[in-house]
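Report on one structure; see the data block that follows.
Order of the sequence lines sets the chain letters (A, B, ...), proteins ahead of strands, with each chain counted from 1.
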Protein chains: 2
Amino acid sequence: MILLEVLKSLSNQTRLNILEWLKEPFAHFPEDELADYSPEFGVCVSDIAKKAGMSVPTVSVYLKTMMSANILIATRKDQWTYYKRNEEAIQELAQYIKVSL
Amino acid sequence: MILLEVLKSLSNQTRLNILEWLKEPFAHFPEDELADYSPEFGVCVSDIAKKAGMSVPTVSVYLKTMMSANILIATRKDQWTYYKRNEEAIQELAQYIKVSL
DNA sequence: TAGGTATTTAGGTAATTTCCTAAATTTGCA
DNA sequence: TGCAAATTTAGGAAATTACCTAAATACCTA
């Protein structure tokens, strides 16, 4: 884990929100958009962009940033890219801060 | 705790380094600079600036930023301002990430 | 192969952050 | 009172980040 990279990826309100939304997709995204939702894959880029009220390209880059930091996991499926949280990495971050920061 | 503010205050390599140095001052600062060191107060601005290899004003602002985020605690004593880590706030951050992020 | 949907990449402007030097302030002490 | 040391505040240049729109790419299906 590259701590600075992880912290940078989390130091933006929209990116923090995305992480929250992905924790409970059904509480944050319209049900019809989650018609084919599976916790294995997550939520696709355009649904997240719509929820964020930002352009798809901006959110695409945000998601990619968080994936590079290993906080999100991406899965390409047909023409969609689904993103979900990397719970292990988030716990690793918490543990690192607790014992090593 | 304002999560975004805390994360921003930590998303800079120099500020992360400062937090590390303050964890074990004797391992990171020259002994003579720590002549009157006390864990109750910490290390003064100019010693931290020297260690960082940056100007005093820059480091002064960095420290103030981290204090505003509640990650550091400042104590003014005569003409010196000493900074130490806020261990409770750091643990609170770790816990927040663990259970709520 | 053509056309449609989803995503990514490129390129640009505005805002923020990084870091400096100079000036102002705080505090101790002769 | 007035100088000296430590710090903070002000102001500015350069780099990075935050967003956008337009264009390119990926992948489906007819």
Between P of D:dT16 and CG of A:Asn12, the distance in whole Å: 18 Å
Phosphate-side-chain proximity, A:Arg15 and D:dT17, N/O vs OP1/OP2 below 4.0 Å: no
Selected nucleotide, minimal atom distance to B:Tyr62 side chain, candidates D:dA18, C:dT21, C:dC19: C:dC19
Listed partners of B:Glu87 passing salt bridge (charged side-chain N to carboxylate O under 4.0 Å, His left out), at least two apart: B:Arg85
B:Ser55-B:Thr58 side chain donor-acceptor pair, cut-off 3.5 Å: yes
Distance in angstrom units between B:Leu63 CG and D:dA6 P, rounded: 16 Å
Whole angstrom value for the distance that separates C1' of C:dA6 from CD of A:Glu33: 14 Å
Presence of A:Tyr82 side-chain N/O under 4.0 Å of C:dA6 phosphate oxygens OP1/OP2: no
Rounded distance in Å - CG (B:Leu4) to C1' (D:dT17): 13 Å
side-chain N/O A:Lys8 vs D:dT17 OP1/OP2, d < 4.0 Å: yes
Side chain of A:Lys64 (C-beta onward), nearest among D:dT7, D:dC19, C:dT9: C:dT9
Pairwise 5' ranking along DNA chain D for A:Ser11 and A:Asp78, keeping only the more 5' one: A:Ser11
Sugar-phosphate only, base, or nothing, as touched by B:Thr81 at under 4.0 Å among non-hydrogen atoms: sugar-phosphate
B:Ser60 side chain near D:dT7 phosphate (N/O to OP1/OP2, under 4.0 Å): no
Audit row: A:Lys84, A:Glu40, salt bridge (Lys or Arg N to Asp or Glu O under 4.0 Å) steps and yes/no: CA-CA 8 Å; A:Lys84 66 171 176 180; A:Glu40 189 185 350; over 6 Å; no
Sugar-phosphate only, base, or nothing, as touched by B:Val56 at under 4.0 Å among non-hydrogen atoms: base
Residue closer to the 5' end of DNA chain D, A:Val59 versus A:Lys77 (nearest nucleotide): A:Val59
Length of the CZ-P vector between B:Arg76 and C:dT26, whole Å: 9 Å
Under 4.0 angstrom between A:Ser46 side-chain N/O and C:dT7 OP1 or OP2: yes
Pair A:Glu33 + A:Lys50, salt bridge at N-O below 4.0 Å: yes
Length of the CE-P vector between B:Met54 and C:dT17, whole Å: 16 Å
Short side-chain N/O contact to C:dC20 OP1/OP2 from B:Ser55, under 4.0 Å: yes
Integer-rounded Å distance: C:dT8 P and A:Trp80 CH2: 14 Å
Interatomic distance where CD belongs to B:Gln79 and P belongs to C:dT26 [whole Å]: 14 Å
The single option from A:Tyr83, A:Tyr82, A:Tyr37 passing side-chain contact (heavy atoms from CB on, under 4.5 Å) against A:Val43: A:Tyr37
